A.B. asks: 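The structure is given below, and queries will be raised subsequently.
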Amino acid sequence: MTLTPVAPLPEHEVRVRAPGKINLSLRVGPRDEDGYHPLSTVFQAVGVFEEVVATPSETFELTVSGPQAEVVPTDDGNLALQAARLLAERVGIDTGVHLHVVKDVPVAGGMAGGSADAAAALVACDALWRTGLSRDDLLDLAASLGSDVPFSLTGHTAVGSGRGHLLTPALTRGEFHWAFAVQHRGLSTPAVYRAFDELHGHDIPAEPDAEADVPLMQALRAGDARALGAALHNDLQTAALELDPGLAEPLAVAEDAGALGVIVSGSGPTVAALARSRQHALVLAAAFTASGVADRVLTAAGPVAGARVVSATD
Ligand code: ATP
């Protein structure tokens, strides 16, 4: 009798991709009693991706690879592990999961890399455990993990209010091309908000002024990159520059290289420069590299979709 060799079963794994984001506009209201600032923001998901690979495990564990992997916490402080635990609790799963995160979004860069990992972990574990939860259930869990996590799930372009977690999709036309100057030194989001309070504490309007973004929304609808460049806005930029004055350099380099607009992304320190075209984004990236004002340089287009399964094996 001859034995037919049997191919080993592929390990059950789910692979999910989730994008980083930039804030095309970020308007900040005064701190509330809980210490949070109400926001009016316009998010855009851009093609810089985190990948999370979920495989069955008896315990909850996490490994990380990619640029800056060594500075990412792998304990319960990691938002992706918190997401997996939260989902397991919600649906009564009594096993664990191994999450492997392949990072590409800058760490502590104002592009919501941790939130992307949390959204990717939710989608991956949801598929691995076949929970049957609805999209709205996942969005609720996402909101309880962090204000940027719901947007990492939905992607594209959206207006965020509340703490940034209440989302309304925005109409856009075509693609916008970006170059990013990334700094490895990072900026702490709470520190940037504290600096914002110190700088602007007395003259912050009671409500962030969403009306001020009408020209930006028109530019998005028209696919008009030039008008979008003129309408980019970030209330946290002065505070980020106060904490990290070196950020003035990539801002100036992008302007000199003809960026249609340039802005600190979220709480920084990543600087996002809007280009006229894909080729021009490469020119802006080359200018960042040549002038030595960034630890890493990226280009990407937006908008792109939120966290999605890219492959799954049973
Ligand atoms: P945001 O734009 O939402 O303020 P960010 O992009 O500035 O976020 P993150 O990279 O998400 O910042 O992480 C900020 C901090 O959170 C890190 O310095 C790290 O200590 C911690 N952290 C927790 N989970 C993660 C994760 N999965 N990836 C990276 N950092 C994480």
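Both ligands and their constituent atoms are indexed starting at 1 by order of listing. Residues take their numbers from the sequence shown, with the count starting at 1. The structure displayed is predicted, hence computed values, not measured ones.
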A.B. asks: Could you list which atoms of ligand 1 come closer than 4.0 Å to a heavy atom of G109?
C.D. replies: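 Close to G109: 5 (P), 6 (O), 7 (O).
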A.B. asks: Return the closest protein heavy atom for atom 28 (N) of ligand 1 as residue, atom name and distance.
C.D. replies: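 For atom 28 (N) of ligand 1, the nearest protein heavy atom comes out as K103 NZ, 3.0 Å.
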A.B. asks: Return yes when E50 approaches ligand 1 closer than 4.0 angstrom through a heavy atom, no otherwise.
C.D. replies: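 In this structure, E50 fails to qualify as a contact of ligand 1 - no heavy atom is under 4.0 Å.
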A.B. asks: Report the part of P73 in contact with ligand 1, treating N, CA, C, O as backbone and CB onward as side chain, heavy atoms under 4.0 Å; options are side chain, backbone, both, neither.
C.D. replies: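 Near ligand 1, P73 shows its side chain, while the N, CA, C and O stay back.
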A.B. asks: Has N234 got a side-chain atom pairing as donor or acceptor with G266's backbone, closer than 3.5 angstrom?
C.D. replies: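 Judged by distance alone, yes, a pair lies under 3.5 Å.
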A.B. asks: What is the nearest protein non-hydrogen atom to atom 15 (C) of ligand 1, stated with its residue, atom name and distance?
C.D. replies: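 Protein heavy atom at minimum distance: A108 CB, 4.8 Å.
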A.B. asks: Relative to the ring of H100, is the ring of H98 parallel (under 30°), tilted (30 to 60°) or perpendicular (over 60°)?
C.D. replies: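 Rings of H98 and H100: tilted, 30 to 60°.
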A.B. asks: Considering only the protein, which heavy-atom contact is closest to atom 24 (N) of ligand 1, and what is its distance?
C.D. replies: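 For this ligand atom, the closest protein heavy atom is L79 N, 3.0 Å.
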A.B. asks: Checking a contact table here: which protein heavy atom is nearest atom 3 (O) of ligand 1, and how many Å away?
C.D. replies: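 Nearest neighbour among protein heavy atoms for atom 3 (O) of ligand 1, to 0.1 Å: D148 OD2, 2.6 Å.
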A.B. asks: Walk me through it: do R296 and D104 pass the test salt bridge (charged side-chain N to carboxylate O under 4.0 Å, His left out)?
C.D. replies: CA-CA 11 Å; R296 200 176 148 219; D104 202 25; 2.4 Å; yes
A.B. asks: For V192, does its backbone N or O pair with a side-chain atom of E242 as donor and acceptor, under 3.5 Å?
C.D. replies: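 Side chain of E242 to backbone of V192, a donor-acceptor pair under 3.5 Å: no, none is there.
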A.B. asks: What is the distance from atom CG of D148 to atom CZ of R163, rounded to the nearest 0.5 Å?
C.D. replies: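 With rounding to 0.5 Å, CG (D148) is 12.5 Å from CZ (R163).
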A.B. asks: Which residue and non-hydrogen atom of the protein lie closest to atom 6 (O) of ligand 1, and at what distance in Å?
C.D. replies: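 Residue, atom and distance for the closest contact: A112 N, 2.8 Å.
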A.B. asks: For the residue pair T313 and E13, confirm or rule out a side-chain donor-acceptor distance under 3.5 Å.
C.D. replies: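 E13 and T313 do not have a side-chain donor-acceptor pair below 3.5 Å.
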A.B. asks: To check your reading of the model: name the closest protein heavy atom to atom 4 (O) of ligand 1, its residue, and the distance in Å.
C.D. replies: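 Going by distance alone, atom 4 (O) of ligand 1 is nearest to T189 OG1, 2.9 Å.
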A.B. asks: For G266 and ligand 1, answer yes if some heavy atom of the residue is under 4.0 Å from a ligand atom, otherwise no.
C.D. replies: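 In this structure, G266 fails to qualify as a contact of ligand 1 - no heavy atom is under 4.0 Å.
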A.B. asks: Side chain, backbone, both or neither: which applies to N78 and ligand 1 if a contact is any heavy-atom pair less than 4.0 Å apart?
C.D. replies: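 Both of them.
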A.B. asks: So which heavy atom in the protein is nearest atom 11 (O) of ligand 1, and how far is it from that ligand atom?
C.D. replies: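 Minimum-distance protein heavy atom for atom 11 (O) of ligand 1 reads G114 N, 2.7 Å.
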A.B. asks: Of all the atoms in ligand 1, which lie at a distance below 4.0 Å from a heavy atom belonging to D117?
C.D. replies: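 It comes down to these atoms of ligand 1: 26 (C), 27 (N), 28 (N).
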A.B. asks: Using non-hydrogen atoms of the residue, decide whether K21 is closer than 4.0 angstrom to ligand 1.
C.D. replies: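 Under 4.0 Å: yes for K21.
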A.B. asks: In the protein, which heavy atom is nearest to atom 7 (O) of ligand 1, and how far is it?
C.D. replies: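 I find the closest protein heavy atom is G110 N, 2.8 Å.
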A.B. asks: Taking only heavy atoms of V107 into account, list the atoms of ligand 1 that are under 4.0 Å away from them.
C.D. replies: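 Checking each atom against V107, I get 10 (O).
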A.B. asks: Between D34 and Y36 (side chain of the first, backbone of the second, donor and acceptor by atom type, cut-off under 3.5 Å), is there such a pair?
C.D. replies: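 Absent.
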A.B. asks: Counting N and O atoms only, with roles assigned by atom type, does the side chain of Q237 sit under 3.5 Å from a partner on the main chain of V264, one being a donor and the other an acceptor?
C.D. replies: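 Confirmed, Q237 side chain pairs with V264 backbone.
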